[in-house]
Structures are given as structure tokens and as C-alpha cells.
Protein chains: 2
Amino acid sequence: MPSLPEDSPDAAAEADGPRRRLPPEERREQIIDAAVRFFADVGLDGNTRDLAKRLGVTQSLIFRYFDSKQDLIEAVYGRVYLDRISPGWAALLRDRSRPVKERMTTFYREYGERIFDHDWMRIFMFSGLAGADLNRRYLDHLGRTLLLPMLDEIEAELGFAPSPEDLWNLHGGIVYIGIRKHIYQMPVPDDPYPGIERAIDRFLRV
Amino acid sequence: MPSLPEDSPDAAAEADGPRRRLPPEERREQIIDAAVRFFADVGLDGNTRDLAKRLGVTQSLIFRYFDSKQDLIEAVYGRVYLDRISPGWAALLRDRSRPVKERMTTFYREYGERIFDHDWMRIFMFSGLAGADLNRRYLDHLGRTLLLPMLDEIEAELGFAPSPEDLWNLHGGIVYIGIRKHIYQMPVPDDPYPGIERAIDRFLRV
DNA sequence: CCTTTAAATGAGCATTAGATCATCAAGATC
DNA sequence: GATCTTGATGATCTAATGCTCATTTAAAGG
């Protein structure tokens with residue numbers, strides 16, 4: 001499939017024809033989308049002029065929609081953290097009609113599909129390094145609503161109880177795949193899920 | 001033990017008495033030391049004026065010892081990456097007079113002592129996010145000189161061969177302890193080694 | 001087609017940050 | 001104690017960056 005004609009000159013910025021007026025809500029969303037991508041690439045210190053260039057608008061326009069850069073970053077956090085944890089997972093993990101191993105495998109497959117994502121991984125890391133307590137709140141929530149239940153279910157079905165720390169170890173080993181790929185840009189398997197299943201297997205083996 | 005009298009006024013900057021002349025080599029080292037700490041705290045975008053303030057010297061002095069900020073960062077990388085991997089570990093892991101499990105436990109105890117470190121963890125992450133290929137080179141080296149031998153040894157002694165990906169999973173679970181602590185500032189056990197041993201245990205169980 | 005409104009622009013202000021350099025003075029040498 | 005070397009300072013230059021605002025103009029309403 002040949003590249004479309006109109007993106008020939010300078011792929012980065014959208015074709016900068018005459019100035020386009022968008023409904024405020026739409027423009028705002030567009031800016032946030034671009035900002036997520038942009039800050040994920042260059043870090044939260046990335047400057048607003050470069051972001052504007054990517055968007056194909058002027059830098060001052062950004063400040064029409066956000067009071068300050070910090071305000072924009074807050075919106076980026078909102079977008080990126082939004083719905084990262086599916087409300088169905090807690091129920092899935094407690095569904096005793098299925099073996100725990102299967103539940104955990106399903107969970108980590110779905111979880112992986114949400115977090116093995118360039119923008120998420122990097123913004124999560126940037127915001128963690130910046131000291132944002134969103135990270136702590138997120139991981140706290142994850143621990144309370146997903147890992148602790150997992151613990152209970154393992155004990156109920158398999159008769160042994162790993163420590164929370166053990167579960168964090170399993171979890172960390174899985175998340176580390178995304179870190180290697182998106183933070184360190186190391187090669188990782190195209191399909192990480194067989195490896196993840198083996199890790200869960202080892203974890204549940206008595 | 002009561003605090004010493006001379007650090008009373010403003011603990012951050014060293015007592016700024018009259019200007020002190022240091023031998024160049026000593027001053028250079030002092031700047032690198034402070035820079036490691038400083039950049040680990042605030043990120044590689046931290047500015048040289050704040051760094052100078054911490055050191056208790058003028059900003060321009062930094063540029064007497066380093067051609068550019070990038071040059072200083074390079075020196076910081078050098079300091080931080082230097083000797084992070086002990087040359088003895090490859091031999092330790094291949095020492096067939098001891099059980100692999102014991103070798104791996106010893107290795108990860110010593111490795112943990114070197115990498116569960118605030119400055120290392122954070123600078124490694126900052127440089128990874130910045131795209132420095134030091135991270136890739138470091139992890140490549142780690143994989144080739146330590147993880148692959150581990151694989152061989154496990155196969156030789158226990159008769160089964162995990163995939164490299166499985167070993168990265170073990171490794172990641174361990175490293176994640178440091179990430180939780182130093183990047184996300186989450187609580188982790190004071191003594192992580194029992195948990196690490198259990199992880200190695202699970203990994204080697206047939 | 002004309003009017004109106006508000007989305008978008010572009011010039012520019014205030015600060016900050018990397019880098020430079022003439023000048024000062026600590027401390028070694030004689 | 002006078003001299004000299006060079007480590008350290010402070011003022012400053014330039015470019016970059018967050019943010020503002022008067023002006024322009026796309027597009028909706030009549």
C-alpha cells in the first residue's frame with residue numbers, strides 16, 4: 001500500500017494548511033493525546049514548543065486550553081491512568097468456578113495487554129521518578145484489589161499461602177518485560193505470554 | 001550523638017567560609033560525587049546552578065572542570081556504572097564445587113548489595129529513559145556473562161534448561177524490589193534476601 | 001452576503017539555564 | 001614576607017522556555 005499523497009512533505013506535523021478551527025472539547029482532547037505521546041517520548045521536561053510543532057499548532061494555543069504546563073501534565077496523567085485497571089479483574093480473580101492458575105493466566109494476559117504499552121510504561125516511570133504519588137496510589141490499589149485477593153485464592157485452592165512479597169516478585173518479573181522493552185529498549189519476545197504462563201506455573205507449583 | 005556544631009546553619013551547602021582551593025583532581029571527584037547524588041535526586045535535567053549550590057561553589061566552577069553539562073553527565077555515568085558488575089561473579093557462578101542454588105543465592109545477595117542503591121537505581125532509570133545505550137550495553141553484558149552461564153549451570157546440575165526469558169523473569173522479579181523502593185518509593189521489606197531466596201527456590205524446583 | 005464570536009496566531013515579556021571570561025585571592029615557592 | 005601560579009569568583013552573554021495578549025480570521029447565525 002503506497003503512502004498517501006498528502007503526507008509527503010513532512011510527516012511529523014499534520015498538514016499545516018490554513019488554520020483550522022476545532023470545537024474546544026475536540027481540540028483539548030487532541031492536545032492531550034499528542035502530549036501523552038510527546039511526554040512519553042522525551043520526558044515531562046519536554047518543552048511546549050516542540051509539542052506544538054508535533055501538533056501543527058502554535059505554542060500559545062496550548063495555553064489557551066491549559067493554564068500551565070503542570071496543568072497539561074495533570075491532564076496527561078488523567079488520560080494515562082484512566083481505566084488502566086479493569087473493574088472486572090477483581091471478580092475474575094475470585095471466580096472459584098475456574099482454577100486459580102487459569103484465572104491468574106487470564107488476568108496477566110489482559111493486564112499485559114494494557115500495560116505493555118510504550119506511552120503508559122514510560123509515563124508511569126517518568127512520573128514515578130518525578131515523585132508523583134499517583135504511582136504509589138496506583139500500586140497500592142493494585143496490591144489491595146488484585147494481589148491480595150490472588151493470595152487468598154491461591155491459599156483456598158492450593159492450600160499454601162505465599163507472602164505478599166512473593167506475589168510482588170511474580171508481578172515484578174512480568175512487569176520487567178515491559179521495562180526492558182520500553183524503557184531500556186531491549187529486544188523481548190514478540191509474544192511474552194508463554195513466558196508469563198511459565199512464571200505463573202512455577203509460582204503455583206507446590 | 002549530637003550533631004556537630006559546624007553543620008548547624010544550613011546543612012545542604014558545605015560551610016561556605018572563605019573560598020577554598022582544592023587540588024584539581026580532588027575537586028573534580030568532589031563535583032562528580034555531588035553530581036551523582038544530585039542527578040539521581042532531580043533527574044538529568046537538573047540545572048547546574050542548583051548543583052553548585054549543593055556543592056557550595058559557584059556554578060562557573062563546574063565548567064572549569066567539565067567542558068559541558070553533557071560532559072559532566074558522562075562522568076556521572078562513568079562513576080555509577082564503574083565496577084557495578086564484579087569480575088568474580090562469572091567464576092562464582094561456574095564453581096561446580098557448590099550447588100547452583102547456593103551459587104545463585106550468593107550471587108543475588110552480592111548483586112543486590114550493589115544495585116539496591118538509591119543513586120544507581122535512579123540514574124540507571126533516568127539514563128534508560130533518556131535513551132542512553134549504556135543501559136543496553138550493561139544489560140547485554142549482564143546477560144552474556146552472568147545469566148547465560150547460570151543457564152548452563154542449571155542444566156548441568158539439575159538436568160533441565162530454562163529459557164533465557166525465564167531467567168530474565170527471575171532477574172526482573174528481583175530487580176523490581178529496587179524499583180519499587182527507589183523509583184516508586186514504596187515500602188519494601190528491610191531485608192529483601194529471604195524473599196529473593198524463595199524466588200530462586202521456586203525457580204530451581206523441578 | 002454580512003455580522004458576530006471565539007479559535008488560532010505571532011510578536012514579545014520575564015526567567016531560567018548553559019557557557020564564557022576578566023578579575024580576585026589561596027596557598028605553594030623562594 | 002614578597003611573588004607567582006592557578007583555583008575560584010561574579011558579572012554577563014545568548015539561547016531556550018513558560019506564559020501573555022493584541023490581532024487575525026475560520027466558520028456559525030442571520
Side-chain angles (χ1 to χ4, degrees), chain A residues 10 12-36 38-39 41-77 126-127 130 132, chain B residues 10 12-77 126-127 130 132:
Chain A
D10 190 7
E14 18 212 72
D16 53 9
R19 85 175 53 167
R20 283 207 55 202
R21 284 165 86 101
L22 292 189
E25 197 45 44
E26 192 176 329
R27 180 68 83 186
R28 190 185 156 87
E29 293 306 300
Q30 185 200 54
I31 293 175
I32 298 177
D33 283 347
V36 165
F38 176 72
F39 288 130
D41 282 343
V42 308
L44 301 173
D45 294 302
N47 68 63
T48 53
R49 279 178 175 78
D50 288 345
L51 168 58
K53 212 169 290 171
R54 277 208 198 182
L55 269 159
V57 299
T58 50
Q59 182 234 11
S60 52
L61 188 67
I62 293 170
F63 289 93
R64 184 183 171 85
Y65 290 92
F66 301 92
D67 288 344
S68 65
K69 184 183 164 184
Q70 190 51 43
D71 190 31
L72 171 59
I73 290 177
E74 233 70 68
V76 165
Y77 286 163
F126 278 123
S127 72
Chain B
D10 190 5
E14 15 213 74
D16 55 7
R19 81 174 55 165
R20 284 206 55 201
R21 283 166 84 102
L22 292 189
E25 197 45 43
E26 192 175 328
R27 179 68 82 187
R28 188 184 157 88
E29 294 305 300
Q30 185 200 54
I31 293 176
I32 298 177
D33 282 346
V36 166
R37 194 61 200 269
F38 176 72
F39 288 130
D41 281 343
V42 308
L44 302 173
D45 293 302
N47 68 61
T48 54
R49 279 175 175 80
D50 288 344
L51 168 58
K53 212 169 287 169
R54 276 208 197 183
L55 270 160
V57 299
T58 50
Q59 181 237 8
S60 52
L61 189 67
I62 292 170
F63 289 93
R64 184 182 172 86
Y65 291 92
F66 301 92
D67 288 342
S68 65
K69 184 182 166 185
Q70 191 51 42
D71 191 31
L72 171 60
I73 290 177
E74 234 70 67
V76 164
Y77 285 163
F126 279 123
S127 72

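In what follows, chains carry the letters A, B, and so on, assigned in the order in which the sequence lines appear, proteins first and then strands, with residues in each chain numbered from 1.
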Expressed as a whole number of angstroms, how long is the span from [X]:[atom1] to [N]:[atom2]?
| X | N | atom1 | atom2 | result |
| --- | --- | --- | --- | --- |
| R64(B) | dT20(C) | CZ | C1' | 13 Å |
| K53(B) | dT9(D) | NZ | C1' | 16 Å |
| Y65(B) | dT6(D) | OH | P | 12 Å |
| I62(A) | dA8(C) | CD1 | P | 12 Å |
| I31(B) | dG7(D) | CD1 | P | 12 Å |
| L51(B) | dA19(C) | CG | P | 13 Å |
| L55(A) | dA7(C) | CG | P | 17 Å |
| F66(A) | dA8(C) | CZ | P | 13 Å |

Handout entry: End-to-end axis angle, where each axis spans five pairs of the helix from dC1(C)-dG30(D) to dC30(C)-dG1(D), to 10°
Key =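 The two end axes of the helix from dC1(C)-dG30(D) to dC30(C)-dG1(D) meet at 10°.
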What's the spacing between [X] [atom1] and [Y] [atom2] if we round to 0.5 Å?
| X | Y | atom1 | atom2 | value |
| --- | --- | --- | --- | --- |
| L72(B) | Y77(B) | CG | OH | 11.0 Å |
| R49(B) | T58(B) | CZ | OG1 | 10.5 Å |
| L55(A) | I62(A) | CG | CD1 | 6.0 Å |
| L44(A) | I73(A) | CG | CD1 | 5.0 Å |

Exercise for the section: Can you check each nucleotide of nucleotides 15-24 of chain D against protein heavy atoms at under 4.0 Å and return B for base, S for sugar-phosphate only, - for none, in 5' to 3' order? Expected result: --BBBBB--B
Handout entry: Check: G46(B) main-chain N/O paired with K69(B) side-chain donor or acceptor under 3.5 Å
Key =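 Flag set: sc K69(B) to bb G46(B) pair under 3.5 Å.
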Exercise for the section: Quick one: closest heavy-atom pair of A75(B) and F66(B), and the distance? Expected result: CB-CE2, 3.8 Å
Handout entry: Residue pair F39(B) / F126(B): nearest heavy atoms and the distance that separates them
Key =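 So the minimum-distance heavy-atom pair works out to O-CE1, 3.6 Å.
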Exercise for the section: Check each of V76(A), D41(A), I31(A) against V36(A) using the side chain to side chain contact (heavy atoms under 4.5 Å, CB included) test, and report the only one that passes. Expected result: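 With V36(A) as partner, side chain to side chain contact (heavy atoms under 4.5 Å, CB included) holds for just one option, V76(A).
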Practice task
Measure from the side chain of T58(A), starting at C-beta and using heavy atoms only, and say which of dG10(C), dT9(D), dA26(C) lies closest.
Solution key: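 The answer is dG10(C), which lies nearest to the side chain.
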Exercise for the section: When you get a sec, tell me which of dA7(C), dT6(D), dA8(C) is the closest nucleotide to the side chain of R27(A)? Expected result: dA8(C)
Exercise for the section: Say whether E26(A) and Q30(A), considering side chains only, have a donor N or O and an acceptor N or O under 3.5 Å apart. Expected result: no
Handout entry: Check: R20(B) side chain, dA26(C) base, donor-acceptor under 3.5 Å
Key = no
Practice task
Under 4.0 Å between any heavy atoms, over every strand shown, what does P23(B) touch: base, sugar-phosphate, or nothing? Just pick one.
Solution key: nothing
